Structure formats: structure tokens, C-alpha cells
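Have a look at the structure below before the remarks.
Excluded from the calculations below are hydrogen atoms, water molecules and symmetry mates; all remaining heavy atoms, backbone and side chain alike, are included. Sequence positions, counted from 1, serve as the residue numbers for this chain. Computed from a predicted model, the values in this text were never measured in an experiment.
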Amino acid sequence: MLEVKGLTKKFGGLTALNDVNMSVADGAIHGLIGPNGSGKTTLINVISGFCAPTSGSITMAGREISSLTPYAISRLGMVRTFQNINIFPEMTVLQNSLMGNFMHEQPNLGSVIVGSKGYRAQVKRSMELAEEMLNFVGLAEVRNKQAGTMPYGRQRKLEIARALMTRPKLLVLDEPVAGMNEQESDAVADLLLKLQAKRNITIILIEHDMRFVMKLCSLITVLSAGKVIAAGISTEIQNNAEVISVYLGTGRKKHARN
């Protein structure tokens, strides 16, 4: 689904990413971990078109995307969330989710004014899809609730529902359980596993919660100081001496295995 080769990103004299290679299999949940400042978010920003790479290539489903804009990449099927929750707090849950369907349903002003048959059909399709996505993430019963009044965990689920409205092939999640308690993070983990199993959506997951990452990810890439220091299955990462040293810490090795 995604292939990153020789990716380098420089900001003036700072090299944020240095010859990064990463391969994400179709249908996988792929973890991207590393200490703060390791380059994880920069890598995602480059992959999703928010930053142009200094050098290297990025292909999604065999198509080169390194020179494309974020909206063009989104139209190809890559959608992301951000570290900070980014919803419309004054709008309802249903209205927020409908915003994710904009790229697929864009009625012209005339059809909206006259309420044409085509426009009514678009609205019906959008509403049906929004109801389906809210039901999928477990928010159907609060569809009419003001989004900004919901608990943190539910707002995160709403972001995922809105992303699903775009019909993504590749979903990139930047710290989706940051600030959550164990019960809330388990609910998100169950949701992502259901996404993978029932909708075959490929997921790239940035997260500091090692319990969450090891539970979900079939493969993990580890960054440190802008370089890939390890890549493999969870047991390989847990027992990698360099990863333990720079990220987990020797005292947390046992915790990471649990």
C-alpha cells in the first residue's frame, strides 16, 4: 500500500529525516514509534503532502505521490488525523461526520437552491453513509449531541468516523489514544481491529502507548533522530537492544512485553 524509499527532509541546517525506508503492507496495521523528536510526525507530514521531501520517493498503491498536495493525496485514498483533536465543537456529531463526505458529494449552488432531485439523492446518500459510520464507531446514539461537549475518547472516535466518510484506503493516525485511560484506549484498539477485519483499511499508527502498539501492530518501524533504527514484528522490536536503549529504556522492557 505504501512504499517510502530514501526519504530525507531538511529544514535549513536541520535534517529531520535521514534516508528513511518504510514499507506498509496492504491491509496491515503498521506501527511507527520512537522517542519525542525522532521524526515521526515529520514523516507523516511528508507522506501526506503537508511537507515536501528534500529527496526520496513515496508511492501509494504503486503511484508516486511525493509531489502531490494533501487534497490530491486524500482523493487517492490516504486520510490522516492529527495529534490534537480537530473537530467542529459547535456542530453536532452527525454534522461533523458529514463534513468528511465533501470530496465525494459536492452539489452546485443551483441544485441546492431549487432542491433538485439530484441534490436530494446526494443528501440521502450522505446521511445514510454518516449513520453507517457513526454506528460503526459506536456513536449513533449521540448523533445529535454537540460534538464539543463529548468526552475525549468519543471525540477521537468522531475523528475516525469523519475520516471513514472519505472512503480511505490508508488511514494514518497520529497518537489516537494520547491522554486516554486504559478502558478508552482498549475501545479504540477494538475499533481499529474491526476496521482492519471488516473494511480492509490499511492503518499507520503513531503512538507512545507500547501496550496499545504491541496489541495492534503486525509490523513496527522505529525512528530515532530521523533514522530508522529497527523494523520488524513486535517480538523483534521488544527484544532489539538499540530500541530498548533509545526508546523503551532497559527498565521498561518487561512492561513492554506485558
Side-chain angles (χ1 to χ4, degrees), residues 1-4 22-32 40-41 43-51 58-66 68-88 93-106 122 125-140 147 154-177 187-207 212-213 216-219 221:
M1 177 58 70
L2 188 76
E3 190 78 30
V4 176
M22 183 174 72
S23 182
V24 179
D26 187 15
I29 301 180
H30 192 111
L32 180 60
K40 303 184 300 297
T41 297
L43 177 57
I44 295 307
N45 284 342
V46 174
I47 288 171
S48 56
F50 285 82
C51 293
I58 309 163
T59 58
M60 188 176 78
R63 176 168 178 173
E64 175 67 37
I65 63 170
S66 57
L68 298 183
T69 60
Y71 68 83
I73 292 173
S74 179
R75 287 186 181 279
L76 291 176
M78 183 195 302
V79 179
R80 65 171 295 186
T81 64
F82 295 83
Q83 289 182 6
N84 297 321
I85 288 179
N86 193 14
I87 60 173
F88 299 97
V93 169
L94 178 61
Q95 290 169 335
N96 267 272
S97 63
L98 285 168
M99 296 298 291
N101 202 38
F102 177 73
M103 72 172 67
H104 298 288
E105 303 286 0
Q106 298 181 28
Q122 285 184 332
R125 286 194 299 269
S126 296
M127 292 293 289
E128 288 175 347
L129 182 61
E131 291 284 355
E132 179 186 350
M133 294 301 103
L134 290 177
N135 184 64
F136 187 83
V137 303
L139 294 178
R154 285 193 163 187
Q155 291 186 26
R156 280 293 189 190
K157 285 186 175 182
L158 176 56
E159 284 194 312
I160 294 173
R162 185 176 58 189
L164 293 178
M165 288 289 288
T166 68
R167 287 84 137 179
K169 299 174 184 176
L170 173 60
L171 180 61
V172 183
L173 303 174
D174 196 346
E175 299 191 21
V177 297
V188 174
D190 292 342
L191 172 60
L192 297 184
L193 288 171
K194 187 167 69 168
L195 266 179
Q196 182 193 38
K198 295 188 176 182
R199 296 184 176 272
N200 194 37
I201 295 176
T202 306
I203 299 171
I204 298 176
L205 179 69
I206 299 177
E207 187 52 62
F212 184 81
V213 171
L216 289 175
C217 299
S218 52
L219 289 172
T221 298

Backbone N or O of Val177 within a donor-acceptor pair of the Glu175 side chain at under 3.5 Å? no
Spell out, as yes or no, whether a donor-acceptor pair under 3.5 Å connects the side chain of Ser74 to the backbone of Pro70. no
Any chance you could lay out the side-chain contact (heavy atoms from CB on, under 4.5 Å) test for Leu205 and Phe212, step after step, and finish with the verdict? CA-CA 10 Å; Leu205 179 69; Phe212 184 81; 3.5 Å; yes
With rounding to the nearest 0.5 Å, note down the distance linking [atom1] in [X] to [atom2] in [Y].
X	Y	atom1	atom2	result
Met127	Ser97	CE	OG	8.0 Å
Leu192	Ile201	CG	CD1	10.0 Å
Asn200	Leu195	CG	CG	10.5 Å
Asp190	Leu216	CG	CG	8.5 Å
Ser126	Asn101	OG	CG	4.0 Å
Leu129	Met165	CG	CE	4.0 Å

Trace of the salt bridge (Lys or Arg N to Asp or Glu O under 4.0 Å) decision for Glu132 with Lys198: CA-CA 13 Å; Glu132 179 186 350; Lys198 295 188 176 182; over 6 Å; no
Flag the pair [X] / [Y] as yes when at least one side-chain heavy-atom distance between them is below 4.5 Å, and no otherwise.
X	Y	result
Val137	Leu164	yes
Pro176	Glu207	yes
Val46	Val4	no
Val172	Val79	no
Leu173	Ile206	no
Leu94	Leu134	yes

Looking only at non-hydrogen atoms, find the nearest pair between [X] and [Y] and report the distance.
X	Y	answer
Ala163	Leu171	CB-CD1, 3.8 Å
Arg162	Asn96	CD-O, 3.3 Å
Ala187	Lys157	CB-NZ, 4.0 Å
Thr166	Gly100	CG2-O, 3.1 Å
Leu139	Arg154	CD1-O, 3.8 Å

If you apply the rule side-chain hydrogen bond (donor to acceptor under 3.5 Å, both in side chains), what do you find for Glu159 with Thr81, and how did you get there? CA-CA 7 Å; Glu159 284 194 312; Thr81 64; 5.0 Å; no
Can you find a side-chain donor-acceptor pair between Ser23 and Glu3 that sits under 3.5 Å? yes
Determine, step by step, whether Met99 and Phe88 satisfy the side-chain contact (heavy atoms from CB on, under 4.5 Å) criterion, reporting the C-alpha distance in whole Å, the side-chain angles of both residues, the deciding distance to 0.1 Å, and the verdict. CA-CA 10 Å; Met99 296 298 291; Phe88 299 97; 3.9 Å; yes
Between Glu131 and Phe136, does the side-chain contact (heavy atoms from CB on, under 4.5 Å) criterion hold? Intermediate values first, please. CA-CA 8 Å; Glu131 291 284 355; Phe136 187 83; over 6 Å; no
Run His30 and Thr221 through side-chain hydrogen bond (donor to acceptor under 3.5 Å, both in side chains) and show every step you take. CA-CA 8 Å; His30 192 111; Thr221 298; 2.8 Å; yes
Is NZ or CZ of Arg80 both nearer than 6.0 Å to the six-membered ring centre of Phe82 and within 45° of the ring axis? yes
Worked check of side-chain contact (heavy atoms from CB on, under 4.5 Å) between Leu170 and Ile204: CA-CA 8 Å; Leu170 173 60; Ile204 298 176; 3.9 Å; yes
Out of Ile47, Thr202, Leu2, which one pairs with Met60 under the side chain to side chain contact (heavy atoms under 4.5 Å, CB included) rule? Leu2
